[in-house]
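Following: one structure in structure tokens, then a few remarks.
Proteins come first, then strands; the chains are lettered A, B, ... in the order of their sequence lines, and each starts at number 1.
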Amino acid sequence: MRLSQGFFPTQKEVPADAIVPSHQLMLRAGLMRQLGAGIFSFLPLGYAVMKKVMQIIREEMDAIGGQEFHLPALNPIELWEETDRVKAFGDIMFHVKNRPLVLAPTHEEVITAIAKNYLKSYKDLPQIWYQIQAKFRNEPRPKSGVLRGRQFTMKDSYSMDATWEGLDNSYDLHAEAYKKIYTRCGLKFFIVGASSGAMGGSRSQEFMVESQAGEDALVLCDKCDYAANIEVATSKISSAQRFEKSESIKEIHTPNVKTIDEVSAFLKMPLSQCAKSLVYIHEETPVLIFMLGNDQLNETKLQSVLSGNLRPAHPEELLQLTGANAGSIGPIGLKAKFKIIADKRLENANNLVCGANKNDYHIINVDFNRDVKIDEYHDLRTVEDKELCPHCNNPLRITKAIEVGHIFKLGTKYSESMKANFLDEEGKEHPLIMGSYGIGVERIIACFIEQHHDEYGIKWEKSITPYDVHLICVNANSEEVVKVSEEFYQQLQQEKISVLYDDRKNVSPGFKFKDADLLGIPLQIIVGEKNLKDGKIEIKNRQTGKRELINKNEVFNFVNKYINEFNVNLPSDGVQMDVVIKELIVKTLILAEGNQSKAAKMLNISRSQLRYRLDRHNINFENLNKNILKQEYIYLPSDGVQMDVVVKELIIKTLILAEGNQSKAAKMLSISRSQLRYELDKYKIEVQKSVILNEEDQKRKEQLKTEIRYLEEERDKLLSEHYTEEEQQKIKLTEEEQYKNKIKDFEEKIKQLVDKLDELIEKKIA
RNA sequence: CGGGGUGUGGCUCAGCCCGGUUAGAGCGCUUGGUUCGGGACCAAGAGGUCGGAGGUUCGAAUCCUCUCACCCCGACCA
């Protein structure tokens, strides 16, 4: 595509409304424009990326036997009444004004309606049906650009099975497919246990991307594999203690003492002896909830204990039901009948401080076993930062994240309410056992940009870049430059390499470079007058920022090689070899669906070597999470890459970073010098070939060569002069000696220079 | 839904508190010329019912009332 003819509205200034980087860059780079709150138009460049992402999703869904549908977004409202989800969604669902229709926020109902009519036998099962389509949700507050919109594109799929084992299988297939999708899209992700919410069902997991722009909080353990949404996370924490002697209860006047901290300070009681009371209304019944000290109630956990309508009580209700305002509520002397539940930490606790249900009074020495009838104890608290991991006692970390996918085991929730039944082998009728699985397409793009950008713009990965290469005609007034650019453009197009060609006239070079960096296409081919004079073309790698000058006629090979090979992107201070190998193995395992022999084959290593690596890097494929994908340095094509190739590339790149200094490189790689020497030996020939001198070195080398040539010429001249017969006759012995000495000098000098050159090359090759 | 903020050429914003010529700037756009490797320069132009409605006033972008839209924080969120 020619930039002069296409629609690529880039912006120099940061749009005022955009706060998060992905939002800013999607607008600046001209991927999309906003039409209303949470509604976006995708422009050609943005849609090109969407198509790439959707294609990856299709390939992976098809690979697990998914069949693509295209369902209507406009749904009869009756359909949603069957499952009672008109009420469940409430204001979130868009209703059509002039017909009894709704805009579908998801598609369980439509799928189940089809399944109900046609999946009548166990022989028809299992099925995986999916679609990639617009979803409509009337979000109360759209935000952060495409991260939370009212209309968005979603891949949603549904599995129908005859058995629960079948559901497990379909669910696992999706989990594997999702890992591959995110890996191929270049996302660093986590898999966490999640709450199923109103979707219902027995199990759900979320695929999360760590980001400051995220709206979810994750609890992560950096040591083991524990990772969970804060809505369901737990930690290792001690219960309130039970004192040997239960003191008798006593009412105490506590004027103006409301919060738990104030109570604790006023009564000089530790927080671990204070019970906080909260009142919720559950389906018209008041519920009194106790938390220890300052523990935060986790409403999601509460909701899973008390299914149905649940809300905090209003202040007037508090007074009416308990006889006191918030801050003085407790278990003793309640006016109304309450259901009483408490957090597990309070089980069997005694000598506690509680409100007295009388304003400005508290009761001390409450014994939960003696004075109160607690109906149930449950884990209701919200995990706090630095608490200990429930699996390995390591301090937990809480971080923000964006949900890019969610998979649910629905079970029979929808099939039962819609009577979607099938007959088993014995002719007995059962509801279909279903799963539902979603991926937000725009969120993948926004998350990718959150993870892959710098101050200048986006840095696309090969897998989802809108174009493979960005061809820049630096100066459209130079005939030669235009001619060569046009040739490249034709050639690349012929070879089916997608190319964005900046052929704009009257646009200054700086403008073109800035635009190219903003758009972030991975490879920039820069055709300029300066380099063209020497028959050279500059190629800039947007991800690494590295520029290379190559011969004009090698451009096509270079591009082709780049497109077909994997990437190793290193930070300027290098990276440990083990880290890269670990990432390689994890990613290969994902691509190999966890099949170890397949992975070993892809890596071209033995199975025992793979096992050794799995052990060494502590990789547990079943519990794969952020631990493993914390940082990303390599990009793999979908059929993987051999381990040797990666190691070789890593070493070469590290040596370049270390400017050929072997001990520095070894330190960067965190391996011993002898190991590095061994590896160098192993890849010796290729390494020499791949040595890249930087510009300065190149110049220096040329200089030395010229000098040597000059000296050699001088020497030859002297020699020839010396050895011509005519001269010989003329020259006296002493003179001859002089010449000989001079030649000796020259020889000496040449030898020094050759040594110097060798040293330089040696240093580069290291 | 609660709190805060913003609506002025295509974009980013100034002007508003304290009402008063023809509403400004930079970027972008058009035309001509110069320039051409990191967001060039000169000159001449086009483009705005100041979100909308009502009010106060001799006079409103500016003050008042209502309303709509958008953004941010919170609540909510499969």
Can you give me the N/O atom pairs linking the protein to nucleotides 72-77 of chain B at distances under 3.5 Å, or say none if there are none?
from  : atom 1 : to       : atom 2 : distance (Å)
B:C73 : OP2    : A:Arg141 : NH1    : 3.4
B:C73 : OP2    : A:Arg141 : NH2    : 2.8
B:C77 : O2     : A:Arg148 : NH1    : 2.8
B:C77 : O2     : A:Arg148 : NH2    : 2.8

Determine, for nucleotides 25-32 of chain B in 5'-to-3' order, which nucleotides have protein heavy atoms under 4.0 Å from the base (write B), from only the sugar-phosphate (write S), or from neither (write -).
-BS-----
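Distances from the side chain of A:Ala16 to the nucleotides B:G37, B:C11, B:U12 place B:U12 closest. Residue A:Asn506 has its side chain nearest to B:U35 when only B:U35, B:G38, B:C71 are considered.
Among the atoms of the strands shown, none is found under 4.0 Å from any heavy atom of A:Pro9. Within 4.0 Å of A:Arg311, counting heavy atoms only, lies no atom of the nucleic acid at all. Base contact: A:Asn531 has a heavy atom under 4.0 Å from a base atom. Across all strands, A:Lys540 comes closer than 4.0 Å to base atoms (heavy-atom distances).
Annotation: B:C11 and B:G20 have their C1' atoms spaced 31 Å apart (nearest Å). The gap from the C1' atom of B:U62 to that of B:G7 amounts to 15 Å, rounded to the nearest Å. Across B:A53 and B:C68, the matching C1' atoms stand 10 Å from one another, rounded to whole Å. Taking atom P on both nucleotides, B:C66 is separated from B:G5 by 16 Å, rounded to a whole Å. The C1' atoms of B:A61 and B:U22 are separated by 15 Å, rounded to the nearest whole Å. With C1' as the reference atom, B:G38 and B:G2 are 48 Å apart, rounded to whole Å.
In this structure A:Tyr489 satisfies the ring pair (Phe, Tyr, Trp, His ring centres under 6.0 Å) test together with A:Tyr501, sequence neighbours excluded. With sequence neighbours left out, A:His174 forms a side chain to side chain donor-acceptor pair (under 3.5 Å) with A:Ser157. Under the side chain to side chain contact (heavy atoms under 4.5 Å, CB included) criterion, A:Thr399 pairs with A:Glu210, A:Leu218, A:Leu220, A:Arg397, sequence neighbours left out. With sequence neighbours excluded, no residue forms a side chain to side chain donor-acceptor pair (under 3.5 Å) with A:Gln303. Listed by chain and number, the residues in a salt bridge (Lys or Arg N to Asp or Glu O under 4.0 Å) with A:Asp379 are A:Lys301 (sequence neighbours excluded). By the side chain to side chain donor-acceptor pair (under 3.5 Å) test, A:Asp172 pairs with no residue at all, sequence neighbours left out.
A sub-4.0 Å separation between OP1 or OP2 of B:G10 and a side-chain N or O of A:Gln11 is absent.
Rounded to whole Å, atom C1' of B:G38 lies 11 Å from atom CD of A:Gln524. Rounded to an integer number of Å, the gap from NZ of A:Lys505 to P of B:A40 is 19 Å. A straight line from NZ of A:Lys512 to C1' of B:A40 spans 14 Å, rounded to a whole angstrom. Rounded to a whole Å, the CG atom of A:Asn475 is 12 Å from the P atom of B:G38. Distance, A:Leu518 CG to B:G38 P: 18 Å, rounded to whole Å.
Both A:Ala37 and A:Pro509 lie near RNA chain B, and the one whose nearest nucleotide falls closer to the 5' end is A:Pro509. Of the two residues contacting RNA chain B, namely A:Glu403 and A:Arg28, the nearest-nucleotide position lying further toward the 5' end is that of A:Arg28.
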Which side-chain N or O atoms in residues 3-12 of chain A pair as donor and acceptor under 3.5 Å with protein atoms at least two apart or in another chain?
from    : atom 1 : to       : atom 2 : distance (Å)
A:Ser4  : OG     : A:Asp503 : OD1    : 3.0
A:Ser4  : OG     : A:Asp503 : OD2    : 2.8
A:Thr10 : OG1    : A:Asp515 : OD1    : 3.0

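Of the inter-residue distances, the one linking A:Tyr182 atom OH with A:Ile57 atom CD1 reads 7.5 Å to the nearest 0.5 angstrom.
The base of B:G38 is paired with the side chain of A:Asp517 by a donor and an acceptor separated by under 3.5 Å.
With a 3.5 Å ceiling on both atom-pair distances, the Watson-Crick or G-U wobble partner of B:A53 is B:U65.
By the 4.0 Å N-to-carboxylate-O rule, A:Glu486 lies too far from A:Lys483 to be salt-bridged with it.
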Test A:Tyr158 against A:Trp129 for ring-ring contact (aromatic ring centres under 6.0 Å, His included), laying out the working first.
CA-CA 5 Å; A:Tyr158 307 88; A:Trp129 296 352; 8.8 Å; no
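Figure legend: A:Lys409 and A:Tyr171 shown as a cation-pi pair, the cationic atom lying under 6.0 angstrom from the six-membered ring centre and within 45 degrees of its axis.
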